[in-house]
Structure formats: structure tokens, C-alpha cells
2 protein chains.
Amino acid sequence: MSSKVTIHEVARLSGVSIKTVSRVLNREPNVKTDTRTRVQEAVAALNYRPNISARSLAGSKAYLIGVFFDNPSPAYVTDVQLGAIARCREEGYHLIVEPLDSEGDVAAQVEPMLHTLRMDGVILTPPVCDNVAVLDVLEAEGVPYVRLSPDQDQDRSAHVRMDDVRAAYEMTAHLIGLGHTDIGFIKGHPEHGASHLRYEGYVTAMKEHGHAVREDRVEQGWFSFRSGFEAAERLLDRIDRPTAVFASNDDMALGVMAVANRLRLEVPQTLSVAGFDDTPGAKVVWPQLTTVRQPIQAMAAAAADLLLTGATRTEGEAPPSRLLDFELVVRESTGPIG
Amino acid sequence: MSSKVTIHEVARLSGVSIKTVSRVLNREPNVKTDTRTRVQEAVAALNYRPNISARSLAGSKAYLIGVFFDNPSPAYVTDVQLGAIARCREEGYHLIVEPLDSEGDVAAQVEPMLHTLRMDGVILTPPVCDNVAVLDVLEAEGVPYVRLSPDQDQDRSAHVRMDDVRAAYEMTAHLIGLGHTDIGFIKGHPEHGASHLRYEGYVTAMKEHGHAVREDRVEQGWFSFRSGFEAAERLLDRIDRPTAVFASNDDMALGVMAVANRLRLEVPQTLSVAGFDDTPGAKVVWPQLTTVRQPIQAMAAAAADLLLTGATRTEGEAPPSRLLDFELVVRESTGPIG
DNA sequence: CTGAAAGCGCTAACAG
DNA sequence: CTGTTAGCGCTTTCAG
């Protein structure tokens with residue numbers, strides 16, 4: 001219980017008023033350099049840390065940023081937390097995590113936490129970032145928020161996203177560059193916006209390179225391993241089959257790999273397989289999966305940054321947004337034919 | 001900004017003093033049932049929520065539980081958070097997540113957060129739960145903590161764990177029950193306590209069933225996919241090979257699967273493969289992996305419970321601990337020979 | 001069983 | 001550039 005040091009002790013030791021200490025703490029202007037130094041020394045000497053409850057009770061900041069999530073993948077959630085905390089720590093903010101139960105009334109879960117804990121901002125991950133009821137509550141409570149990769153109504157709020165179309169385009173181009181012309185595609189869950197964007201990238205790349213998009217080369221999937229497995233069976237269990245398959249996410253790509261194994265199709269000699277997301281599973285198959293990496297940590301850090309700099313509070317103008325670069329991760333599951 | 005309702009409004013509406021409202025809020029005794037009801041109605045009518053900063057500034061509780069982690073797997077971290085929050089919400093507590101950078105001075109990172117944010121308790125996950133410097137800081141600051149699956153010095157603090165020995169024993173017994181007598185084993189990272197416990201379970205089961213533990217059937221691994229892959233090559237790429245392999249974790253088991261695929265060994269007809277942990281990857285291979293599921297959410301909930309009930313503050317006696325049950329998850333990667 | 005008074009440790013005005 | 005005075009919304013004494 002060594003934390004009995006308060007702002008008063010610091011003020012006394014440095015011979016100034018508590019208000020001046022407060023100014024130094026908050027990096028406010030109008031403090032003589034000399035005084036500032038003296039206060040900082042006292043802070044260090046006493047190992048003083050301002051009490052966050054007192055600060056938020058008295059002031060307008062809570063030094064707390066919330067991360068709301070509702071069932072996305074663990075790897076995604078963890079990366080969001082790591083990215084957000086990295087930026088938050090610079091300003092002395094902490095992260096409150098609030099898993100939401102999407103089965104229940106999500107808005108009803110959100111409202112109480114906004115009342116008790118006055119967070120300075122909230123980061124919303126998919127799919128809760130597209131839950132209109134949640135956005136409504138947030139706005140009614142006046143809590144700034146940033147959405148990560150929102151599907152719908154992007155102009156409604158500040159958000160951070162990645163260029164799915166271009167990423168899918170480049171992955172397709174990568175396959176084409178390897179010599180493939182007959183490339184199968186497995187679509188993602190039709191209710192996820194990313195599905196359409198990724199498909200669009202694939203189609204554009206095929207067309208621009210003069211390759212037909214055959215109807216029997218495009219299968220519907222649902223982002224799950226099983227749906228990828230089944231789609232791959234339809235695509236591959238026949239004489240006339242594509243030489244490469246691009247699945248809209250890694251889980252489905254792993255399903256493709258499983259089918260390839262079963263059918264004794266050598267990857268990548270006989271079949272190239274590409275995924276999307278760079279989930280942990282991508283490195284846990286043999287051969288390792290070529291995929292697209294989203295800069296999730298950087299996206300979360302950008303979201304935190306928007307919140308901390310107050311950039312979300314725009315008057316009239318369109319809410320700020322950031323578009324980050326993806327990365328093509330070429331591993332062993334794609335290669336030239338033969 | 002609808003949250004201007006304070007305890008005073010509630011007191012006025014219910015015709016009592018704020019102290020009585022406070023009593024009702026905190027479920028304190030000595031309030032007439034009638035009065036209590038009236039206050040609760042006022043709370044509901046005004047949609048009042050006590051301000052957490054004010055509460056923690058005035059009182060001794062912060063309504064905040066910390067979760068410290070330092071590089072365990074995303075799936076593990078997420079489960080811990082879900083389990084802990086489930087218990088915390090019942091009491092109006094929130095979760096603060098603090099990823100620690102194990103490369104740096106972990107203790108130095110912990111001390112400031114304990115000062116600014118006076119958490120009521122902290123849950124430590126492996127491997128940070130075995131960092132003595134962190135435990136020292138926690139104790140110096142008087143912050144109660146519970147460790148999840150600690151390796152060392154278990155009696156030092158409250159902790160929650162699972163019976164690794166028995167789980168490994170039962171998995172081995174499962175294989176033996178299927179008719180296997182020649183079972184390979186891949187050990188985990190030698191510096192993780194679980195590695196030894198799991199090996200012990202395997203050895204005990206083999207011996208008790210009258211099967212020899214051949215030296216050339218036990219390989220050292222490091223919990224990574226690659227180490228499992230390499231160990232499996234030594235175990236399987238030869239005429240005289242075991243009919244089953246039990247890897248100390250799923251990542252290594254997936255490495256075994258990859259080697260089996262490569263060597264064209266049919267799983268499970270020619271080779272049974274078992275893992276440990278039930279990570280997401282276990283369901284993302286074909287055939288799906290037989291493994292052991294740790295009740296991570298339940299363990300985290302138990303840890304939160306110890307913290308919330310104040311069970312960690314024991315005088316003199318041994319710190320409390322809870323041992324939870326594991327679950328054998330039998331999927332398709334294990335089966336009878338032939 | 002209930003209430004009045006006194007802060008918790010800080011920031012927000014406003015004076016100087 | 002610096003200090004003074006008020007609270008923020010609660011819990012904690014301590015009286016009734």
C-alpha cells in the first residue's frame with residue numbers, strides 16, 4: 001500500500017501549489033521551465049502517480065478507452081488490444097474490454113457500462129461495429145467511437161479500414177503472375193461486406209488480365225473451414241479443375257488444403273491455394289499458406305489515435321477515416337504450375 | 001450526455017438520504033425492506049447508475065479487475081477475458097487488460113499501473129504468472145492476485161489450475177483402449193511445467209497398462225508446429241514406427257499430421273494422432289484432432305471469483321486454490337488400428 | 001434502522 | 001506565470 005503519495009506531497013516538496021503540479025502533470029502551458037523541472041523532480045523522487053479516479057471525477061477525461069467485441073476471432077481481438085494499448089499507453093490511458101453477447105440485446109448491455117464508467121472513447125470491432133442499436137446508444141451518450149472495418153454506413157462515423165478490393169486484386173495478380181489462368185474463387189459469407197469487396201478484386205484482376213471468370217469456378221462459402229472444404233470438393237473433385245484456388249479467408253483455404261490432401265493433389269505443384277487474413281492457422285499447415293495480412297494492430301492503433309487526438313469530434317464535415325496498407329504474405333502454398 | 005443522474009436525485013425521489021441510497025446500492029444490511037424497495041424503484045425510474053470513479057475515490061473498491069498477459073496464445077487470452085468478465089459483471093466489475101512486454105522490465109511496467117489505477121485484483125496468465133518480480137510488486141502494492149496454471153511456487157499465492165497429469169493419463173488410456181500399444185510421445189518445452197506433468201501422465205498410463213516406454217518413442221519438442229514436425233519425422237519416417245503419436249500440445253500434433261500427410265500415412269487408419277489444448281487449429285485440419293480441452297473460461301471465472309469474494313486474503317493459512325476438470329475431446333484423428 | 005458531515009485526490013474556473 | 005476556492009459523486013465515519 002505504498003501509494004499514499006498525493007499531489008499535495010508533490011506540491012509541498014517542490015514548493016508550489018497543487019494547481020501548478022497539476023499543470024505540469026497535464027502538460028499545460030504557462031509554467032516556467034524551472035518550476036516545471038522542479039515539479040518533475042519531486043514527482044520522480046516521490047514516485048508519484050496521479051490517481052485516475054480522482055482525475056476522472058474532477059475532470060472531463062476518464063483515461064479509459066473501451067474495446068467492444070462480439071465474437072470475432074481470438075487472434076483478431078488480441079491484435080486489436082495490442083495495437084490499441086500501444087497507442088493508449090503513450091498518453092496514460094488504459095483499456096477496458098467489454099465482450100458483448102450478440103445473442104442478447106447488445107444495446108442494453110452497452111448502456112449501463114457507459115453510465116458507470118465514463119469512457120473517453122470506444123473502439124468497435126466487426127461485427128458489432130455494424131450494430132445500429134449500439135451506435136445509437138453511443139451517440140445518445142455522447143461517447144466518441146471509431147469503427148474498425150465497418151461494412152455499412154461508413155460515413156456515419158470515424159473508422160479505420162483496409163483496402164480489401166485491392167488486396168484481393170493483388171493476390172489474384174500474384175497467381176496470374178505465376179502462370180495460372182484458370183483460378184477458382186470461394187466467396188465469403190454473403191452478409192459480410194468484405195466478401196463482396198474481395199470478390200470484386202478477384203473479378204477485376206481476372207478481367208484486366210484477359211482471363212474469363214467462369215461461373216463454375218466461383219463457389220459460395222461462409223468463411224468456415226467446412227464451407228471451404230465443401231466448396232473445394234465441388235471445385236476439385238473432377239477432371240476439369242482449376243490450377244489454383246483463391247479462398248476469401250484462411251479458414252476456407254485450409255478446407256481447400258484438406259481436400260487437396262485427400263485427393264492427392266500436390267500443393268503447390270498441382271494446385272496453388274491462397275487465403276486471406278493470415279490467421280494463426282495459416283502457418284500451421286504444410287505447406288504454409290500464402291495469404292493477405294491485415295495490419296490489425298496498426299489499424300487499432302490508428303483508431304486509438306483518432307480517439308485520443310479528439311479527431312472524431314468533427315463539426316459538420318465528414319468523419320475522419322484512415323485506410324491502411326495490407327501485406328501480401330507469399331508462402332509455400334502458391335507456385336508455378338507443374 | 002444523459003448521465004447526469006446522481007445519487008442525490010435518487011435520494012430525493014425516494015424520500016431518503018443519500019446514505020440510505022448508498023446502503024441499498026451496496027447491499028448493506030440495516031435497511032427496512034420497504035425503504036429498500038422504494039429506493040430500488042427510484043433507481044429504476046431514473047435509470048440511475050453509480051459513477052465508478054466517485055465510488056472508487058471515496059471508497060476502497062475500484063470495481064476494476066486487471067488481466068495481465070504476456071504473450072500466451074490469442075485463443076487463451078480471449079477465453080480468459082470471457083471467463084473473467086462473466087463473473088465480474090455479476091458484481092458490477094470491469095476488466096482492464098494489460099499486455100506486458102516480456103522483453104522489457106515487466107515489473108517496471110506493472111508498478112505504475114497499480115498506482116494510477118487501484119485495481120481490486122489481478123489475474124495473471126502464464127507465463128507472467130511465474131514472473132517473481134511481478135509477484136513481488138503486486139505484493140508490495142497490496143494488490144490481491146490469482147495465478148492461472150502457475151508452474152512454480154504454487155503455494156505462494158491463490159491459483160487455479162487443471163490436472164495435466166490426469167489429462168495426459170486419460171488421453172494415453174484412450175489410445176490404449178483403441179488397441180494401441182506402441183505409442184509415441186512428443187514432449188513440450190522443457191521450461192514449461194506442464195510439459196513434465198503431461199509426460200508423467202503418459203508414462204504412468206503406459207506402465208499401468210503394461211506397455212513399455214521405449215526411449216526411441218519419446219521425442220523432445222518445444223510446443224511449436226515446427227518442433228512437432230521435426231519430432232514426427234524422426235518418429236515416423238522409418239519402417240519401425242509407432243501406431244499412434246501423442247503430442248503435448250495441438251501445434252505439435254498438427255506438425256505430426258503434416259508429416260503423416262507427407263508420408264502418406266492415413267490418419268487414423270494407419271496412424272492415430274492426439275494433441276492437447278483444443279486450440280482453434282484442432283478443428284481446422286482434416287481429420288479433426290482428438291485433444292484435451294482445458295476449461296479456460298471456467299478457470300478464469302474461478303480466478304475472478306476468488307478475487308471478488310476476497311478469498312485471496314487468507315491469514316496464515318495456505319492460499320486458496322481450485323483444481324478444475326478437463327475434457328477429453330475425441331474427434332477423428334484417433335481410432336483403432338487398421 | 002437512518003442521516004449529517006467530512007472528505008477521497010484531483011481539475012476547473014477564476015483571481016492575482 | 002501562479003495560487004485560491006470550489007466542487008466532481010460517492011463512501012465513510014459518527015451521531016441519532
Side-chain angles (χ1 to χ4, degrees), chain A residues 1-40 42-43 46-64 91-93 114-120, chain B residues 1-40 42-43 46-64 92-93 114-118 120:
Chain A
M1 297 288 191
S2 73
S3 119
K4 279 286 149 219
V5 190
T6 76
I7 198 171
H8 290 98
E9 273 72 64
V10 179
R12 194 175 321 131
L13 182 61
S14 45
V16 298
S17 74
I18 61 165
K19 176 66 231 191
T20 298
V21 176
S22 174
R23 284 200 180 88
V24 174
L25 259 30
N26 295 296
R27 301 201 192 106
E28 282 172 35
N30 300 335
V31 180
K32 220 193 298 177
T33 312
D34 176 45
T35 315
R36 187 179 296 274
T37 311
R38 205 140 33 86
V39 171
Q40 282 162 341
V43 166
L46 296 170
N47 191 23
Y48 165 76
R49 316 276 173 199
N51 177 306
I52 216 169
S53 300
R55 280 183 128 174
S56 68
L57 182 56
S60 53
K61 293 187 281 187
Y63 295 92
L64 254 26
E91 316 272 344
Y93 280 64
L114 260 24
H115 270 255
T116 38
L117 222 48
R118 201 123 263 300
M119 307 183 219
D120 300 303
Chain B
M1 296 292 189
S2 72
S3 119
K4 279 286 149 221
V5 191
T6 76
I7 197 171
H8 290 98
E9 273 73 62
V10 179
R12 196 175 319 132
L13 182 60
S14 45
V16 298
S17 75
I18 61 166
K19 174 65 232 192
T20 299
V21 176
S22 173
R23 285 199 180 89
V24 174
L25 258 31
N26 295 297
R27 300 200 191 106
E28 283 172 33
N30 300 335
V31 180
K32 221 192 301 177
T33 311
D34 176 44
T35 314
R36 188 179 297 274
T37 311
R38 207 141 30 88
V39 171
Q40 282 162 342
V43 166
L46 296 170
N47 191 24
Y48 166 74
R49 317 276 174 199
N51 177 307
I52 219 169
S53 300
R55 281 184 124 173
S56 68
L57 181 56
S60 54
K61 292 187 280 187
Y63 295 92
L64 254 24
Y93 280 64
L114 261 24
H115 270 256
T116 35
L117 224 47
R118 200 125 263 300
D120 300 303

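Every heavy atom of this structure was used, including side-chain atoms; hydrogens, water molecules and symmetry mates were not. Proteins get letters first, then strands, A, B, ... in listed order; numbering begins at 1 in each.
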Among dG9(D), dT11(C), dT2(C), the one nearest Ile18(A) by side-chain distance: dT11(C)

Measure CZ/Arg55(B) against P/dC8(D) and give the value in whole Å, please. 18 Å

Measure from the side chain of Thr35(A), starting at C-beta and using heavy atoms only, and say which of dT2(D), dT12(D), dC10(C) lies closest. dT2(D)

Taking 4.0 Å as the cut-off, does a side-chain nitrogen or oxygen of Ser22(A) come that near to OP1 or OP2 on dT11(C)? yes

Main-chain N/O of Thr33(B) paired with Thr37(B) side-chain donor or acceptor, under 3.5 Å: yes

Would you say Asn51(B) reaches dC8(D)'s phosphate, i.e. side-chain N/O to OP1/OP2 under 4.0 Å? no

Contact class for Tyr48(A) vs. all strands (heavy atom < 4.0 Å): base, sugar-phosphate, or nothing? sugar-phosphate

Taking atom P of dC10(C) as reference, at what distance in whole Å does atom CG of Leu57(A) sit? 12 Å

Kindly point out which of dC1(D), dC10(C), dT11(D) is positioned nearest to the side chain of Asn30(A)? dC1(D)

Under 4.0 Å between a side-chain N or O of Thr20(A) and OP1 or OP2 of dG3(D)? yes

Side-chain donor or acceptor of Arg38(B) paired with backbone N/O of Ser14(B) under 3.5 Å: yes

In whole angstrom, give the distance that lies between atom CD1 of Ile7(B) and atom C1' of dT11(D). 8 Å

Approximate separation, where rounding is to 0.5 Å, of Ile18(A) CD1 and Thr6(A) OG1: 8.5 Å

Have a look at Lys19(A) and say if it touches a base, only the backbone sugar-phosphate, or nothing, with a 4.0 Å heavy-atom cut-off. base

Val31(B) or Pro50(A): which one's nearest nucleotide on DNA chain C is closer to the 5' end? Val31(B)

Where the side chain of Arg49(B) meets the backbone of Thr116(A), is there a donor-acceptor pair that is under 3.5 Å apart? no

Could you give the CD-to-C1' distance, from Glu28(B) to dC14(D), as a whole number of Å? 14 Å

Taking dT2(D), dT11(C), dC10(C) as options, the one with an atom nearest any side-chain atom of Lys32(A) is dT2(D)

How would you list all residue pairs meeting salt bridge (charged side-chain N to carboxylate O under 4.0 Å, His left out) that involve residues 6-16 of chain B, not counting sequence neighbours? Glu9(B)-Arg12(B)

Ala54(A), nearest nucleotide to its side chain (from dC14(C), dG9(C), dC1(C)): dG9(C)

Between Ala58(B) and Ser17(B), whichever has its closest DNA chain C nucleotide further toward 5' is Ser17(B)

Could you check whether Ser60(B) gets within reach of a base, just the sugar-phosphate, or nothing at all, counting any heavy atom under 4.0 Å? sugar-phosphate

Have a look at Ser56(B) and say if it touches a base, only the backbone sugar-phosphate, or nothing, with a 4.0 Å heavy-atom cut-off. nothing

Tell me: CD of Glu9(B) to P of dC8(D), nearest whole Å? 11 Å

Polar pair under 3.5 Å, donor/acceptor by atom type, side chain Arg23(B), base dG3(C): yes

Rounded distance in Å - CG (Leu25(B)) to P (dC10(D)): 8 Å

Whole angstrom is fine here: how far is it from CG in Asn26(B) over to P in dT12(D)? 7 Å

In whole angstrom, what separates His8(A)'s NE2 from dT11(C)'s C1'? 12 Å

Can any side-chain N or O of Asn51(B) pair as donor or acceptor with the backbone N or O of Ser53(B) at less than 3.5 Å? yes

